[in-house]
**Student:** 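There's a structure below that I have some questions on.
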Amino acid sequence: MGAMRMPPVVFLGPSAPASDILSILPNAIIRPPARRGDLYAYRILRHQFFLVLDGAFGNVLAISPREVVDVVQDGAVVVGASSMGALRAADCFPAGAHGAGIIFRLFKQRVISAEDEVAVLYREEMPFPPLTEPLINMRIALRRATRKGLMGAPEAEGIISAAQSLHYTMRTWPGAYQKAGRHLPSEMLDLLKAIDTKRADAVQAANKVLKLLEIEGGPLRPLSSPQLFGLSSDGRERAADGLSGADRKQIEVEFIEWLCCSGRAHSRLDDEIAWLDGELTVPTSSVWNILEGSGELEADLMRFNIFRRAVSEARRCGLRPGIEDLRQAERQLANAHRVGSWNELLTRKGRSSSYSKRLSIHRTQLALTKCLRRTFLFGPGQSTKPREVLLWHPK
């Protein structure tokens with residue numbers, strides 16, 4: 001007889017109540033939002049099916065794409081949806097990870113790319129319900145409201161712009177409406193809050209796991225290696241490949257420019273980098289050494305790759321940023337550089353300097369990504385949309 005199958009492991013936080021998942025997967029092991037190393041730990045215990053919905057980030061190490069790929073390559077089944085799970089499923093889909101739901105498809109098609117889209121505030125001891133509203137839920141709810149004729153697209157875009165300007169720990173429907181200078185009727189609030197895409201995606205993903213369990217019926221597949229898979233000889237997990245297979249020398253100058261212009265470098269590189277006629281004048285190797293010692297290189301490389309892909313997709317679709325896209329990009333960059341406004345940022349860097357010229361180019365690229373997102377979520381036309389996004393229709 002084959003070995004008894006271990007129950008599926010579900011990493012769940014504020015995306016849905018545990019009862020939603022257990023009604024579909026009654027034997028599932030419900031665990032808190034996934035952290036770095038959690039998939040390795042449960043795979044070593046011979047669990048074969050994983051559903052990642054929520055993941056920790058910020059002050060702890062998030063689950064890495066490398067970890068997901070290692071576990072999939074070892075023979076396990078990983079399904080992601082709703083929140084961090086949707087992002088990692090989109091990252092690792094080419095390697096065999098499964099995804100489910102609207103949010104996964106939007107991440108996969110690069111309509112959205114940031115953790116901020118799914119981030120919420122919640123009490124760790126009581127993860128459901130969330131205390132704030134995820135930005136992606138707000139986007140989809142407002143889009144459906146416009147489709148039903150309950151509001152115009154300009155009003156919806158204004159509310160989304162206001163929501164984006166709020167930190168995720170302060171992002172609520174009343175807060176976004178107030179920031180946008182709009183009145184929020186109680187009937188509209190009830191309608192918007194009822195459209196919970198993260199929760200709906202979690203249920204869809206649980207049903208997908210159930211189907212995969214039925215398809216994969218039979219004895220448990222053994223670990224593909226007698227050793228502790230995915231671990232290096234000294235017992236530590238393998239590092240993620242933030243370069244996504246690229247040669248470091250091919251991207252390092254562009255990557256360092258992106259770090260500086262986006263504001264992610266902060267004080268790490270400001271004192272090390274000099275610009276002349278728009279080009280770096282400090283050897284990139286010395287800058288790279290600083291980055292490797294910062295502990296944030298892997299995450300920054302992933303963000304950089306997502307940003308580049310979004311800009312490329314916007315250009316492929318022939319999009320041009322509007323005035324509001326540029327204004328949003330300016331506000332985001334001012335906040336990232338910790339100054340009061342875009343004009344103040346240019347003044348501090350020297351308006352005629354090479355650095356300011358690079359900042360202006362970056363602003364346009366960032367505005368392109370916002371135009372891409374706005375077009376797919378509110379645009380009237382669909383001719384330039386990736387094919388899979390056309391599957392997303394409000395119910």
Side-chain angles (χ1 to χ4, degrees), residues 7-35 38-39 42 47 49-57 62-63 68 71 76-93 97-109 111-112 114-141 143-144 168 171 192-214 388 391-395:
V9 179
V10 181
F11 296 97
L12 177 65
S15 286
S19 58
D20 281 9
I21 307 303
L22 292 174
S23 67
I24 301 167
L25 302 169
N27 297 323
I29 296 175
I30 305 295
R31 299 298 303 150
R35 299 187 176 201
D38 282 350
L39 284 181
Y42 278 93
H47 289 272
F49 288 83
F50 299 94
L51 173 54
V52 182
L53 299 172
D54 293 293
F57 72 101
I63 183 174
V68 174
V71 170
V77 176
V78 178
V79 179
S82 297
S83 191
M84 178 65 77
L87 177 57
R88 288 295 175 261
D91 290 336
C92 304
F93 184 79
H98 297 266
I102 291 172
I103 298 171
F104 159 71
R105 293 203 300 272
L106 293 176
F107 272 125
K108 183 171 178 283
Q109 296 293 350
V111 176
I112 58 175
E115 294 171 353
D116 182 63
E117 292 286 339
V118 293
V120 294
L121 178 67
Y122 66 96
R123 295 189 181 96
E124 292 190 12
E125 68 276 12
M126 295 188 300
F128 183 85
L131 302 176
T132 57
E133 196 72 27
L135 187 57
I136 188 58
N137 270 12
M138 301 178 87
R139 292 186 189 282
I140 293 172
R143 184 169 187 258
R144 293 184 181 180
Y168 78 87
R171 193 175 285 145
L192 294 172
K193 288 184 71 69
I195 302 173
D196 190 344
T197 305
K198 287 179 73 171
R199 184 172 180 176
D201 283 5
V203 171
Q204 184 177 339
N207 279 303
K208 185 178 184 72
V209 172
L210 181 62
K211 290 181 180 179
L212 289 170
L213 281 164
E214 295 169 352
E388 198 160 312
L391 299 175
W392 174 39
H393 296 292
K395 298 180 180 179

**Student:** Find out whether Asn137 and Val120 are in side-chain contact, i.e. whether some heavy atom of one side chain is under 4.5 Å from a heavy atom of the other.
**Tutor:** no
**Student:** Can Arg143 and Ile195 be said to form a side chain to side chain contact (heavy atoms under 4.5 Å, CB included), step by step?
**Tutor:** CA-CA 11 Å; Arg143 184 169 187 258; Ile195 302 173; over 6 Å; no
**Student:** Quick one: closest heavy-atom pair of Pro8 and Leu213, and the distance?
**Tutor:** CG-CD1, 4.3 Å
**Student:** Near Phe93 CZ, under 6.0 Å, is it more than 12 heavy atoms from other residues, nucleotides or ligands?
**Tutor:** no
**Student:** Is there side-chain contact between Leu22 and Ile30, with heavy atoms separated by less than 4.5 Å?
**Tutor:** yes
**Student:** Could you check if a side-chain atom of Asp116 sits within less than 4.5 angstrom of a side-chain atom of Arg171, using non-hydrogen atoms only?
**Tutor:**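 Counting from C-beta outward, Asp116 and Arg171 do come under 4.5 Å.
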**Student:** Does any pair with a residue in residues 25-35 pass side-chain hydrogen bond (donor to acceptor under 3.5 Å, both in side chains), and if so which ones, sequence neighbours excluded?
**Tutor:**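 Applying side-chain hydrogen bond (donor to acceptor under 3.5 Å, both in side chains) to every pair that reaches into residues 25-35, excluding sequence neighbours, yields Arg31-Tyr42.
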**Student:** Would you check if Glu133 and Leu192 make a side-chain contact, meaning some heavy-atom pair closer than 4.5 Å?
**Tutor:** no
**Student:** Has the side chain of Asp54 got a donor or acceptor atom that lies under 3.5 Å from a matching backbone atom of Ser15?
**Tutor:**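 Looks like yes, one N/O pair under 3.5 Å.
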**Student:** Which is it for His47 and Ile29 under the side chain to side chain contact (heavy atoms under 4.5 Å, CB included) test, yes or no, and what are the steps along the way?
**Tutor:** CA-CA 10 Å; His47 289 272; Ile29 296 175; 3.5 Å; yes
**Student:** Kindly determine whether Phe107 and Val118 satisfy side chain to side chain contact (heavy atoms under 4.5 Å, CB included), including the steps that lead there.
**Tutor:** CA-CA 11 Å; Phe107 272 125; Val118 293; 4.0 Å; yes
**Student:** Tell me the closest heavy-atom pair linking Gly13 and Pro33, and the distance in Å.
**Tutor:**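 Reported closest heavy-atom pair: CA-CG, 3.8 Å.
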**Student:** Got Val68 and Asp91 here, is their nearest side-chain heavy-atom distance under 4.5 Å?
**Tutor:**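 Answer no - side chains too far apart.
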**Student:** Side chain to side chain contact (heavy atoms under 4.5 Å, CB included), that's the test. Do Leu53 and Ile21 meet it? Break it down for me.
**Tutor:** CA-CA 11 Å; Leu53 299 172; Ile21 307 303; 4.0 Å; yes
